[in-house]
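One structure is given here, and the rest of the page talks about it.
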Amino acid sequence: MTDSQDLPDSLRSIAEDPRVTVRRGGMPDKAGKCVVYWMQRAERGVDNHALDTAIDLGNELGLPVVVYFAAITNFPHANLRHYFFLNQGLRDVEQDLAERNVSFVVRRPPHENNLSFFAEVKAAIVIGDENPMRVPESWRRHIARHMHVPFWTVDADVVVPSRLLEKAQYGAYTLRPRVQKLWPHFLKPYRNQKAQFVWKQPRGLQKEDLKLDITRGWKDLDRSVLPVEEWAGGTHAAMKRLRHFVQKMLAGYEHDRNHPELDGSSRLSPYLHFGHIGPLTIALAAQDAVKKEPGLKSARDSYFNELLVWRELAINYCWFQHDVYDSDAAAENWAKQTIVEHATDERPHLYSLAQLEAGQTHDDLWNAAQRQMLDFGWMHNVMRMYWAKKILEWSPSVKVAVKRGIHLNDKYFIDGRDPNGYAGIAWAMLGKFDRAWNERPIFGKIRYMSRESTGRKFDSKRYIQQMGAENSA
Ligand SMILES: Cc1cc2nc3c(=O)[nH]c(=O)nc-3n(C[C@H](O)[C@H](O)[C@H](O)COP(=O)(O)OP(=O)(O)OC[C@H]3O[C@@H](n4cnc5c(N)ncnc54)[C@H](O)[C@@H]3O)c2cc1C
């Protein structure tokens, strides 16, 4: 929130919203023909603070709003599975934007250059969303450096804006009271207002037909990881799942969420990752359910602990530990020390990455989890913890384990390549956000999980059968 002092009051009040960061200041270009929202992470046409900000500015400046999305071929670790889900989501965005009088332009290489697009449509000002990951952040910095008109970003995929937390949080216990204090201020419904001015698309404008596959002709794209039929991408599918979850599943969440053999959690993580739905929409739906049925309060609190505490802790981790979030350098000092002390411990089971990837270990429960990842593109939280702990136990070093975990996580999960994945692996393998436990071989003081005790806490036999991995060990 810098450089907004010289703006007229009507624009300054928009720039001073705590979600907004003015990355390039100055007055909107008087000769500009539109406000552009460069959509990157918050891929939705409703319930989106970045879009609302663009529409407020457009209405204030008397300009139409154009949403621009660049489909690029080299998004880090993305493969066909991810692009398929994304492609489905873009169709919902187009439909939802049309209802708000907002135009949508998607481009692919060789026409995808952001700066060229902003110049071509004569943007008066450009709005972006936020993304705590390194590469997308570098795009924002590049745009801010090379733009000739103002560029503001809006933190649209968190309930509490990330920078209000000011620094890296040590754990859920330090973040929780801070965000809880701020929830009453930020748990407020969206306005979803309409744009007042309609864009007259320049003649001959290059634009993708979203009925087509956006990846067609991309020779370098990894197509070995196939889309998962059970998952339909997009805001409309996300809202349908949210309604089902709140109406039918929230009541049982506290119990069922610990049972990988049940459909007991919201399964909204792929939609959250692609920004097809935002956490505020989900949180408000859970709040409404409690208003109608006060007995759901405890289930809501348990759900908020995941959605609004652990998820925003993961975002805080990537945001403030930008250089190390995906490496063993992220470990706290106590963990670094214990890792060194146990570096040469004998490892009775060592597997190659190929064996792990194929789910060919001696452990049927682990193999089942790996099948869920490969075939379904998602894994239950309890199994993700166990899965990562065993990769640590069966790899030659913690450093290698972290690399393997991230590689598999990002390659197969639809919700992979997400702050939650990096934070989850850091929790499991580096003791991040955790405390020191009783010392034992290989793990040192990092928390251990055994096959026996994990498998006893739920119907693991049924889970293994469901994954069709009964005879895989
Ligand atoms: C090793 C490991 C790897 C993980 N990799 C990913 C990943 O790549 N992508 C991903 O989105 N999540 C990841 N998680 C976090 C968590 O397992 C998933 O978010 C959750 O299982 C998704 O299912 P759900 O939507 O049904 O969750 P619900 O229980 O319904 O929770 C609602 C939302 O809260 C958030 N949430 C839930 N649990 C956690 C958690 N432990 N940490 C942070 N946020 C959480 C998610 O956004 C989730 O969608 C990982 C966890 C571990 C331990």
Side-chain angles (χ1 to χ4, degrees), residues 41 77-78 81-82 85 132-133 157-159 169 171-172 175-176 179 231 238 241-242 244-246 249-250 252-260 262-283 285-286 299-318 325-326 366 369-370 372-373 376-392 401-402 404-434 446-447 449 454:
R41 181 173 177 224
H77 311 291
R81 179 172 285 179
H82 304 118
F85 195 82
M133 313 309 298
D157 285 271
V158 281
V159 165
Q169 296 297 311
L175 179 125
R176 191 177 292 110
V179 292
W231 289 103
R241 176 69 187 179
L242 173 61
H244 175 75
F245 174 70
V246 168
M249 299 170 65
L250 183 59
Y253 179 75
E254 274 174 289
H255 171 269
D256 294 353
R257 66 175 290 269
N258 292 316
H259 286 261
L262 302 178
D263 178 15
S265 64
S266 69
R267 296 196 180 180
L268 286 168
S269 53
Y271 301 104
L272 281 161
H273 170 74
F274 280 90
H276 293 166
I277 196 167
L280 178 57
T281 304
I282 305 173
R300 188 249 353 240
D301 291 347
S302 164
Y303 189 63
F304 274 16
N305 194 45
E306 305 305 325
L307 177 75
L308 304 185
V309 175
W310 281 96
R311 181 176 178 276
E312 298 203 1
L313 179 64
I315 290 167
N316 171 275
Y317 169 58
C318 293
Y325 61 70
D326 50 356
W366 193 92
Q370 181 63 15
Q372 189 169 30
M373 171 185 252
F376 192 53
W378 182 89
M379 195 192 287
H380 191 279
N381 182 52
V382 169
M383 296 314 303
R384 293 195 206 219
M385 295 194 266
Y386 180 70
W387 173 86
K389 291 283 182 193
K390 292 296 152 188
I391 294 180
L392 170 58
V402 169
R404 289 172 166 187
I406 290 176
H407 169 75
L408 296 174
N409 206 87
D410 286 358
K411 182 170 175 184
Y412 291 105
F413 284 149
I414 302 176
D415 63 27
R417 308 170 301 124
D418 189 273
N420 280 353
Y422 301 109
I425 285 169
W427 174 87
M429 298 187 182
L430 304 172
K432 191 83 193 163
F433 315 124
D434 206 357
I446 292 170
R447 184 199 296 247
M449 280 172 81
T454 306

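Atoms considered below: every heavy atom in the structure, side chains included; atoms not considered: hydrogens, waters and symmetry mates. In each ligand, atom 1 is the first atom listed, and ligand 1 is the first ligand listed.
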Just to confirm my output: which protein heavy-atom neighbour is closest to [atom], and how far is it?
| atom | result |
| --- | --- |
| atom 28 (P) of ligand 1 | Tyr253 OH, 3.5 Å |
| atom 30 (O) of ligand 1 | Ser266 OG, 2.6 Å |
| atom 33 (C) of ligand 1 | Leu307 CD1, 4.0 Å |
| atom 22 (C) of ligand 1 | Ser269 OG, 3.3 Å |
| atom 37 (C) of ligand 1 | Glu306 CB, 3.5 Å |
| atom 53 (C) of ligand 1 | Met385 CG, 3.7 Å |
| atom 3 (C) of ligand 1 | Asn409 OD1, 3.6 Å |
| atom 46 (C) of ligand 1 | Asn420 ND2, 3.6 Å |

field: Shortest reach to atom 13 (C) of ligand 1 by a heavy atom, considering only Met379, Arg311, Arg384, Met383
entry: Arg384

field: Option set Tyr271, Trp310, Tyr386, criterion heavy-atom distance to atom 40 (C) of ligand 1, minimum
entry: Trp310

- prompt: Would you say Met133 and Tyr325 make side-chain contact, with heavy atoms under 4.5 Å?
  reply: yes

So is [X] close enough to ligand 1, meaning a heavy atom under 4.0 angstrom away?
| X | answer |
| --- | --- |
| Phe245 | no |
| Arg257 | no |
| Tyr422 | no |
| Trp387 | no |
| His273 | no |
| Ala428 | no |

field: Over all atoms of both residues, closest heavy-atom pair of Ala299 and Leu250
entry: CB-O, 3.2 Å

- request: Please name the pair of heavy atoms, one in Asp256 and one in His380, separated by the smallest distance, quoted to 0.1 Å.
  value: O-NE2, 4.3 Å

Would you compute the distance between atom [atom1] of [X] and atom [atom2] of [Y] and round it to the nearest 0.5 angstrom?
| X | Y | atom1 | atom2 | result |
| --- | --- | --- | --- | --- |
| Asp410 | Asp415 | CG | CG | 10.0 Å |
| Ile425 | Arg384 | CD1 | CZ | 9.5 Å |
| Asp326 | Cys318 | CG | SG | 8.0 Å |
| Leu408 | Gln370 | CG | CD | 5.5 Å |

Any idea which atoms of ligand 1 are less than 4.0 Å away from a heavy-atom of [X]?
| X | answer |
| --- | --- |
| Trp378 | 22 (C), 23 (O), 26 (O) |
| Arg267 | 24 (P), 25 (O), 26 (O) |
| Leu272 | 47 (O), 49 (O) |

message: Tell me whether Asp263 is salt-bridged to Arg241, with the criterion being a basic N under 4.0 Å from an acidic carboxylate O.
response: yes

message: I'd like to know if the side chain of Asn409 reaches the main chain of Gly421, judged simply by a donor and an acceptor atom lying under 3.5 Å from each other, with no hydrogens or angles considered.
response: no

query: Judged by atom type as modelled, is there a donor-acceptor pair below 3.5 Å linking the side chain of His82 to the main-chain atoms of Phe413?
result: yes

query: Cationic tip of Arg81 within the cone over Phe85's six-membered ring, i.e. under 6.0 Å and within 45° of the normal?
result: no

Hey, is [X] touching ligand 1 through its side chain, its backbone, both or neither, going by heavy atoms under 4.0 Å?
| X | answer |
| --- | --- |
| Asp415 | both |
| Asn381 | both |
| Ala388 | side chain |

- request: Would you please test Trp378 and Ile414 for side chain to side chain contact (heavy atoms under 4.5 Å, CB included) and show each step?
  value: CA-CA 6 Å; Trp378 182 89; Ile414 302 176; over 6 Å; no

message: Pairs of nitrogen or oxygen atoms closer than 3.5 Å, one from Trp427 and one from ligand 1: do any exist?
response: no

message: Using a 3.5 Å cut-off on N or O atoms only, is His380 in polar contact with ligand 1?
response: no

- line: Only residue of Trp310, Tyr422, Phe433 satisfying ring-ring contact (aromatic ring centres under 6.0 Å, His included) with Tyr317 is Phe433

- prompt: How are the rings of Tyr303 and Tyr253 set to each other: parallel, tilted or perpendicular (split at 30° and 60°)?
  reply: perpendicular

